[in-house]
Every structure is written in structure tokens, then in C-alpha cells.
Amino acid sequence: MPSYNKNIPVFLSEAEIKAKVKEIAAQITKEFGDEEITLIGTLKGSFVFLADLSRELTMPTRIEFLGVSSYGDQTHSSGEVKVTLDLTAPLNDKNVVLVEDIVDTGLTLSFVLEYLNARKPKKIKTASLLFKKVALKAKNLTIDYVGFEIPNRFVVGYGLDYAEHYRGLPYIGTLD
Ligand code: 5GP
């Protein structure tokens, strides 16, 4: 069996991530109570976080994915974003929680928020498991639920890739 995953140093352990996902779910529950929400995950990186988060929530949830791709290279975002896969249902009058794996420059989140707001949801909140505050370039960006503020290092695992590798790593590791 290939064992390349074993060489990735742990930055955030499975237990730390699990506890944080529970915390974020509690914050979302405090905000929306028993009202229905639509969780929108941006592909591909958020699929693991969204899967775990959805299983900690007890209100009715709808799940949507939005495919977005940045025109940057492997490790740098250019800020120009294109939608590669659209939502399957309208958002008007829906409570929306946008689920992001990581906010780096914030340019992707900024674009996605504008894109979703144009669909007139009732309320929209943003959750990001990881936030590289020092790298933030987007202005006036609010992340309502932040898991971990992390330094400007390249991380993989728990959905995050490097050239499509390591998404299945159960923890978050560094690849500097
Ligand atoms: P932003 O637009 O905020 O600069 O970053 C958007 C995207 O860049 C993220 O959704 C993610 O795909 C990628 N990205 C930024 N930092 C990292 C990182 O440390 N690791 C990985 N795997 N992707 C990252």
C-alpha cells in the first residue's frame, strides 16, 4: 500500500478538528435554531469539512456545492475566479451557510459571496475551517465562523490538496 501520507507532519490533529467542527455547529445552531439551512460547499476543498459539519447539525439541511476555480497557479490565487459547477436550486428566501475549507487572500470568498447574494437568500453566513489572516487582501470581508487562524503556510489534508494529492488525509498537515 502506498504510504506517502505518513510523511506529512501534523499541523492540526483529527481530534482538534473534530472538536472545532462541533464548536462551529453549535454557533450555527445558535444562529438558526430549528430553521432550515442550505449548506453550500465550495469544491473541491470543502467536501470533508461540509460532510463532518452536516453530521453535527440537527436542523433540516439542504446541501449544495459550488464549483469554483481560481485562475492562479498551484499555490497562489490570482483573484480571478470562475464558476465551474453551479447550484441545483434557487436560494431566494433561504438561510445559507457558505462552507469554505480555507480563506487565504479572501478573493475567492469575496467573489462567491457576491455571486450568492445576487440570488437573494434570506440570510447568508460564512464558515471557514481555516483562515490565513496575514494573507487577507479582500476588503470588508466577514467570516462569521472561523475554525482556526493559521500562519501563512501551505497546508494539505482534510479535503485540501496539493496537485490533487492528500485530500483524503484525515488531519491537516503542512507542506512547506
Ligand atoms: P483565496 O482566494 O482566499 O486566496 O484562496 C482560495 C483557495 O486557495 C482555497 O480555496 C484553496 O483552494 C487555495 N489555498 C489557499 N491556501 C491554501 C493552502 O494552504 N493549502 C491548500 N491546499 N490550498 C490553499
Side-chain angles (χ1 to χ4, degrees), residues 2-14 16-18 20-21 24 28 38-54 63-87 91 96-119 124-176:
S3 61
Y4 67 82
N5 280 354
K6 292 205 179 94
N7 302 322
I8 307 292
V10 178
F11 181 68
L12 293 165
S13 70
E14 284 184 72
E16 285 174 286
I17 298 167
K18 197 174 164 71
K20 191 60 80 176
V21 171
I24 295 175
I28 293 172
T38 302
L39 294 173
I40 302 180
T42 52
L43 292 175
K44 298 175 190 172
S46 73
F47 79 104
V48 179
F49 177 38
L50 185 139
D52 283 350
L53 184 61
S54 70
I63 307 290
E64 289 283 343
F65 288 102
L66 186 69
V68 287
S69 136
S70 156
Y71 288 100
D73 57 23
Q74 287 293 345
T75 54
H76 295 96
S77 160
S78 67
E80 250 191 285
V81 181
K82 70 175 168 184
V83 171
T84 55
L85 179 78
D86 210 346
L87 307 174
L91 292 182
V96 170
V97 178
L98 176 62
V99 181
E100 281 278 4
D101 45 353
I102 186 163
V103 174
D104 182 13
T105 63
L107 298 169
T108 305
L109 179 61
S110 227
F111 170 90
V112 170
L113 267 178
E114 198 173 317
Y115 186 82
L116 297 180
N117 270 318
R119 307 210 170 176
I124 183 159
K125 294 281 172 185
T126 49
S128 185
L129 183 66
L130 305 173
F131 178 33
K132 290 185 189 170
K133 200 173 187 176
V134 290
L136 190 67
K137 284 190 195 152
K139 303 260 184 299
N140 305 321
L141 192 65
T142 310
I143 312 170
D144 300 290
Y145 316 114
V146 173
F148 303 95
E149 271 186 29
I150 63 166
N152 203 359
R153 298 180 67 181
F154 195 80
V155 290
V156 293
Y158 200 72
L160 288 155
D161 75 314
Y162 175 67
E164 289 303 322
H165 288 292
Y166 312 116
R167 290 194 196 277
L169 202 63
Y171 60 89
I172 291 169
T174 44
L175 197 83
D176 292 318

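One-based numbering, in listed order, for ligands and for the atoms of each.
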Polar atom proximity, Gly106 to ligand 1 (N or O, under 3.5 Å):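 Min N/O separation from ligand 1 is below 3.5 Å for Gly106.
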Side-chain touch Leu160/Tyr166, heavy atoms, less than 4.5 angstrom: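 They are not in contact (no side-chain heavy atoms under 4.5 Å apart), so the answer is no.
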Heavy-atom check, side chain of Ile172 versus side chain of Leu129, under 4.5 Å: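 Ile172 reaches Leu129 side chain to side chain.
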Find all atoms of ligand 1 within a distance of less than 4.0 Å from any non-hydrogen atom belonging to [X], and give their numbers and elements.
X	result
Arg153	19 (O)
Leu160	21 (C), 22 (N), 23 (N)
Thr105	1 (P), 2 (O), 3 (O), 4 (O)

Contact with ligand 1 for Phe154, non-hydrogen, under 4.0 angstrom: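 A heavy atom of Phe154 does come that close to ligand 1.
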Closest approach of Leu136 to Thr105 (non-hydrogen atoms, all atoms of both residues):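 Where Leu136 meets Thr105 most closely, the heavy atoms are CD1-O, 3.5 Å.
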Listed once per pair and sorted, the side chain to side chain donor-acceptor pair (under 3.5 Å) pairs that draw on residues 125-134, sequence neighbours left out: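 Listed once each, the pairs are Thr126-Asp144.
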Side chain to side chain donor-acceptor pair (under 3.5 Å) partners for Asn152, two or more places apart: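 None.
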Shortest reach to atom 22 (N) of ligand 1 by a heavy atom, considering only Asp161, Thr108, Val156, Thr174: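 Shortest heavy-atom distance from atom 22 (N) of ligand 1: Asp161.
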Mode of Lys132 contact toward ligand 1 - side chain, backbone, both, neither (heavy atoms, under 4.0 Å):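 Lys132 to ligand 1: side-chain contact only, backbone stays beyond 4.0 Å.
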Which segment of Asp101 sits under 4.0 Å of ligand 1 when only heavy atoms are counted: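 Side chain only.
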Ring geometry between Phe49 and Tyr158 (parallel below 30°, tilted from 30 to 60°, perpendicular above 60°):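 The rings of Tyr158 and Phe49 sit tilted, inter-plane angle from 30° to 60°.
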